[in-house]
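Okay, so here's the structure we're looking at.
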Amino acid sequence: MDKRGTFVVFEGGEGSGKDTHIERLKSLYPEVVYTREPGGTKIGEHIRELLLAKESTDMDVRSELLLFLAARAQLMAEVIAPALTSGKNVVSNRFGLSTIAYQIYGRERQEYLPFLRDVSTFIVEKYIPDVYLLLDVTPQVGIKRAGRRAEGMNRFDVEQLTFHKRVHDGYKKHIGELGRHFIINADQPLEAVWQEVKKAVASVL
Ligand code: TYD
């Protein structure tokens with residue numbers, strides 16, 4: 001059987017520049033399968049709308065967590081597992097570390113972590129990411145950038161700075177558990193970050 005593809009995940013808080021860098025990678029590596037979370041499938045994009053709508057103000061944290069996981073299960077089954085199995089490389093804009101950072105740390109639900117780990121194993125099976133790239137942005141810097149976005153702010157963008165600081169904390173605490181990873185200082189100017197992203201990706205793809 002052919003070799004399994006490589007699974008690369010980009011992570012980082014609001015305004016860390018993930019979208020911009022992934023867009024640039026698309027011209028360098030057009031053969032890669034690109035996806036995003038939540039979303040990346042028809043069902044997942046419906047779930048995304050529910051999750052990100054500013055109107056979803058009364059969403060229980062458990063519902064929120066389960067919806068992110070449901071979208072991930074669909075994405076794994078429909079896109080990521082088949083691509084990796086057929087030897088294609090996959091780049092995902094966010095994955096499991098986002099759930100730890102946002103739902104466990106941002107939402108302050110430390111007690112959900114064992115459950116999250118169990119369900120993640122159930123969903124991801126053997127297709128665990130090979131490498132994580134964390135675009136590490138200081139929350140104050142990231143929020144300022146995200147505020148300038150033309151498409152407006154989602155339900156997470158509008159959270160208080162304290163929420164984003166907890167998310168940042170969660171990222172830093174857990175990135176080390178995930179095997180191979182790069183932490184890139186995303187407070188730097190875009191071009192400097194891009195050089196580091198390019199180098200890191202070239203070393204794994
Ligand atoms: P998106 O507009 O894609 O944000 P960004 O450009 O910052 O990646 O919205 C995704 C939002 O969903 C983002 O605010 C982080 C949040 N999120 C979670 O809270 N938990 C998760 O597991 C995932 C994948 C995303």
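Both counts, for ligands and for their atoms, begin at 1 and track the order of listing.
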Where does the angle between the aromatic ring planes of His21 and Trp194 fall among parallel (under 30°), tilted (30 to 60°) and perpendicular (over 60°)?
parallel
For ligand 1, does Asp19 get within less than 4.0 Å through its side chain, its backbone, both, or neither, judged by non-hydrogen atoms?
side chain
Pair Lys26 + Glu23: basic N to acidic O under 4.0 Å:
yes
Under 6.0 Å between ring centres: does that hold for Tyr102 and Phe68?
no
So the atoms of ligand 1 within less than 4.0 Å of a heavy atom of Thr99 turn out to be 21 (C), 22 (O)
Between Tyr34 and Leu25, does the side chain to side chain contact (heavy atoms under 4.5 Å, CB included) criterion hold? Intermediate values first, please.
CA-CA 10 Å; Tyr34 293 90; Leu25 284 178; 3.8 Å; yes
Under 4.0 Å between heavy atoms, the region of Lys18 that gets near ligand 1 turns out to be side chain
What part of Leu52, side chain from CB on, backbone N/CA/C/O, both or neither, has a heavy atom under 4.0 Å from ligand 1?
side chain
Report yes if the side chains of Arg180 and Asp130 come closer than 4.5 Å at any heavy-atom pair, otherwise no.
no
Under a 3.5 Å cutoff, is there a donor and acceptor pairing between the side chains of Asp187 and Thr138?
yes
Ligand 1 atoms nearer than 4.0 angstrom to some heavy atom of Gln103 are 18 (C), 19 (O), 20 (N), 21 (C), 22 (O)
Given Phe68, Phe95, Phe10, which one has a non-hydrogen atom that is nearest to atom 17 (N) of ligand 1?
Phe68
Can Glu11 and Tyr171 be counted as having a side-chain donor-acceptor contact under 3.5 angstrom?
yes
The one among Glu64, Glu14, Arg48 that brings a heavy atom closest to atom 2 (O) of ligand 1:
Arg48
For ligand 1, find out whether one of its N or O atoms is nearer than 3.5 Å to an N or O atom of Asn154.
yes
So for Arg72 against ligand 1, with non-hydrogen atoms under 4.0 Å, the contacting part is side chain
